[in-house]
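Just follow the structure's listing: the first ligand is 1, and inside any ligand the first atom is 1. Since this is a predicted model, take the numbers as computed values, not measurements.
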Amino acid sequence: MNASRFAAFPEDFHAVAALYDNDMDGNNVVHDLVYPEVFGPGEYIGQFSDNSASELVAMGAAMDLPDGSSVLDVGCGTAPVATLLATRFGWRVTGIDVSATPLRKAAKRVAEAGLADQVALVNGNVYTHDFPEPFDGIYGTGAFCHFDPSRLFARCRDLLRPGGRLAFMERVRTGELTDDEWRRLTEEWACPTVNTVEEYRQHLDVAGLRVDEVRDLTPTFRDWQDRSVVVRLRRRTEIVALTSEQYFETSTRLADHENAVTKAGKLGYVLVTATRVDG
Ligand SMILES: C[S@@+](CC[C@H](N)C(=O)[O-])C[C@H]1O[C@@H](n2cnc3c(N)ncnc32)[C@H](O)[C@@H]1O
């Protein structure tokens with residue numbers, strides 16, 4: 001299988017912030033139309049990651065942190081996951097995001113859920129923001145793909161208390177990618193690379209984070225991808241009315257492409273949990 005490749009990665013995350021502040025903002029309305037059908041009743045909560053609400057709760061359960069724990073959501077976006085997990089597990093969650101536009105929606109969501117005392121939101125870069133105290137847990141859903149994993153995991157380790165838990169759900173490379181597949185899976189999403197499970201393991205190990213579990217979520221990921229193409233095609237008229245013909249064509253092509261790469265066995269999806277170990 002090909003070795004990991006990194007696209008040039010800007011330190012300041014301007015490309016990521018631009019993606020979520022501008023392009024993805026229009027994408028939200030399409031997401032809200034397509035994904036309730038993709039995930040099924042009660043499973044769409046506004047999340048941008050490829051996970052149903054049940055999978056997100058399963059990630060929270062796997063972190064195994066008691067009521068009142070302080071937990072960081074890296075790349076919280078509009079904070080659907082922070083809101084869900086704060087409610088379900090009684091955690092105090094801090095959501096951080098470099099993009100200002102999703103955070104405005106996040107503030108509204110948190111206020112409407114009556115969670116202003118339990119969920120704090122920060123517009124900043126997780127590498128440089130000065131957090132006042134260490135966290136019991138850190139998680140990311142659909143966000144870690146934007147980072148250089150060695151740098152991110154080192155930062156997470158520093159932000160966790162000893163014994164603190166890390167969890168993330170991400171796409172993983174499971175086969176040999178062509179140059180074109182590589183480009184489309186990285187550049188088009190402002191992601192520097194697509195890691196294998198083994199690469200993630202090594203980066204976590206070097207950072208002092210012991211892997212507890214790697215759960216394979218590829219079967220449901222395949223389902224979500226399949227359905228996202230089917231639902232898009234069926235709701236073409238509404239999507240074009242909300243956006244444009246060009247948007248429909250480009251976004252459907254991108255979804256279809258990722259679906260084909262997954263079906264060819266080159267792309268999978270995992271939940272990884274790890275613990276900060278010392279000494
Ligand atoms: C695909 S969205 C996922 C949002 C959310 N976790 C969800 O599941 O709906 C990825 C988010 O990561 C954020 N992000 C990327 N790099 C970041 C960084 N260095 N610090 C904080 N947030 C970042 C982006 O702005 C974007 O909102």
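Taking CD1 of Ile138 as the start and CZ of Arg157 as the end, the distance is 11.5 Å to the nearest 0.5 Å.
In terms of heavy atoms, Asp73 sits closest to Val81 at OD2-CB, 4.1 Å.
Residue-to-ligand polar distances place Thr141 within reach of ligand 1: an N/O pair is separated by less than 3.5 Å. Of the N or O atoms in Ser99, one or more lie within a sub-3.5 Å distance of an N or O in ligand 1. No N or O atom of Pro80 sits closer than 3.5 Å to an N or O atom of ligand 1. Here's the thing with Asp73: none of its N/O atoms is less than 3.5 angstrom from an N/O atom of ligand 1.
No side-chain donor-acceptor contact under 3.5 Å links Tyr269 and Asp50. With no hydrogens or angles considered, no side-chain donor-acceptor pair links Ser69 and Arg92 at under 3.5 Å.
Compare Phe147, Phe48, Tyr127, Tyr139 by their heavy atoms: the one nearest to atom 18 (C) of ligand 1 is in Phe147. When Val81, Asp97, Thr128 are checked for heavy-atom proximity to atom 27 (O) of ligand 1, Asp97 turns out nearest. In this comparison of Gly142, Gly77, Cys191, the heavy atom closest to atom 10 (C) of ligand 1 sits on Gly142.
Checked against a 6.0 Å centroid threshold, the rings of Tyr139 and Phe144 do not count as neighbours. Ring to ring, Phe131 and His129 are close: their centroids are under 6.0 angstrom apart.
For ligand 1, the atoms closer than 4.0 angstrom to any heavy atom of Gly124 are 20 (N), 21 (C). Close contacts of ligand 1 with Ser49, meaning ligand atoms under 4.0 Å from a residue heavy atom, involve 8 (O). Residue-ligand proximity, Gln47 to ligand 1, at heavy-atom distances under 4.0 Å covers atoms 9 (O).
Atom CZ of Arg183 has more than 12 heavy atoms from other residues, nucleotides or ligands within 6.0 Å.
Contact between Gly140 and ligand 1 is absent, with no heavy atom of the residue lying under 4.0 Å from the ligand.
Below 30°, between 30° and 60°, or above 60°: for Phe147 and Tyr127 the angle between ring planes is above 60°, a perpendicular geometry.
For Cys76, every heavy-atom contact with ligand 1 shorter than 4.0 Å involves the backbone, none the side chain.
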